[in-house]
Amino acid sequence: MKKNKKINSLKDQVPSDSKFTFFENVWDVVRLVPKGRVTSYGAIARYLGAAGSSRMVGWAMNAAHGVRPAVPAQRVVNRNGLLTGKHHFGSPEMMQVLLEKEGVEVKEDKVLRFKELFWDPMQEL
DNA sequence: AGTATGACTCATT
DNA sequence: AAATGAGCCATAC
């Protein structure tokens with residue numbers, strides 16, 4: 001048919017000796033996102049070979065609080081360009097403020113020119 | 001150990 | 001086009 005979607009699962013790509021590898025990889029990728037650009041959970045998941053596990057990227061972000069160096073989680077939005085994770089910052093407005101401070105325009109929890117600002121690790125790396 | 005939930009995404013209706 | 005269902009898998013209870 002159209003697509004043979006037999007993609008690796010998280011378990012396939014993460015060695016069983018370190019379950020934190022995936023999170024660290026996610027954090028690394030997020031840290032590589034240039035200032036003023038954004039990416040999506042799914043893009044990161046796919047880049048790490050865990051397509052379909054985009055939720056785990058979200059969990060990684062959840063675990064990214066207090067991680068050093070800091071992870072610019074505000075640069076990660078959903079595929080729609082929507083700031084779905086804004087409630088996980090100190091305040092719901094913080095994510096947007098951070099993004100705007102970096103030059104990303106946000107309107108109604110949505111990244112403007114998302115298509116232009118989108119940074120795909122698959123494509124850029 | 002089983003169920004529920006989630007910072008997601010895709011296919012189908 | 002908007003809503004719904006299903007797949008995904010690590011945590012929480």
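Numbers restart at 1 for each chain; the letters A, B, ... are given by sequence-line order, proteins then strands. Nothing here was measured: the structure is a model prediction, and the numbers come from that model.
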- Item | Interatomic spacing from CD in E24(A) to CG in L48(A) - rounded to 0.5 Å | 12.0 Å

- For the pair made of CG in L48(A) and P in dT9(B), what is the distance, rounded to whole Å? 14 Å

- Message: T39(A) and side-chain contact (heavy atoms from CB on, under 4.5 Å): which single residue from L117(A), I44(A), V57(A) fits?
- Response: I44(A)

- Message: Can you check the distance between dG5(C) and dA4(B), where both ends of the measurement are the P atom (answer in whole Å)?
- Response: 16 Å

- Could you please name the option among dA7(B), dA10(C), dC10(B) that lies closest to any side-chain atom of R79(A)? dC10(B)

- Message: Distance check needed: dC8(C) C1' versus F22(A) CZ, whole Å only.
- Response: 11 Å

- Distance in angstrom units between N80(A) CG and dA1(C) P, rounded: 12 Å

- Message: Taking M56(A)'s backbone N and O only, do any of them form a donor-acceptor pair with S53(A)'s side chain (distance below 3.5 Å, no angle check)?
- Response: no

- Query: Rounding to a whole Å, what distance do you find between D109(A):CG and dA7(B):C1'?
  - Reply: 13 Å

- Nearest heavy-atom contact between M61(A) and V76(A) is SD-CG2, 4.2 Å

- Looking at the side chain of S53(A), which of dA7(B), dC8(C), dT9(B) is the nearest nucleotide? dC8(C)

- Which one, dT9(B), dA7(B), dG6(B), comes nearest to the side chain of A73(A)? dA7(B)

- Taken to the nearest whole Å, CE/M56(A) to P/dG7(C) is 16 Å

Filtered N/O pairs between nucleotides 1-5 of chain B and protein, under 3.5 Å:
none

- Message: Can you measure H88(A) atom NE2 to dG6(B) atom P for me and round it to whole angstrom units?
- Response: 9 Å

- Task: May I have the distance from F114(A) (atom CZ) to dT9(B) (atom C1'), rounded to whole angstrom?
- Result: 13 Å

- Item | Nearest-neighbour nucleotide for the F89(A) side chain, dT9(B), dA7(B), dG6(B) considered | dA7(B)

- Query: Does S54(A) place a side-chain N or O at less than 4.0 Å from the phosphate oxygens OP1/OP2 of dA7(B)?
  - Reply: no

- Pairwise C1' distance for dA7(B) and dA2(C), with rounding to whole Å: 23 Å

- Report the distance from atom NE2 of H65(A) to atom C1' of dG6(B), rounded to the nearest whole Å. 14 Å

- Message: Taking CZ in R37(A) as the centre, count heavy atoms belonging to other residues, nucleotides or ligands within less than 6.0 Å. Is the count above 12?
- Response: yes

- Item | Sugar-phosphate only, base, or nothing, as touched by N62(A) at under 4.0 Å among non-hydrogen atoms | base

- For N78(A) and F114(A), work out which heavy atoms get closest and say how close. O-CZ, 3.8 Å

- Message: Using only atom types and a distance under 3.5 Å, with no angle test, would you say the side chain of H88(A) pairs donor to acceptor with the backbone of H65(A)?
- Response: no

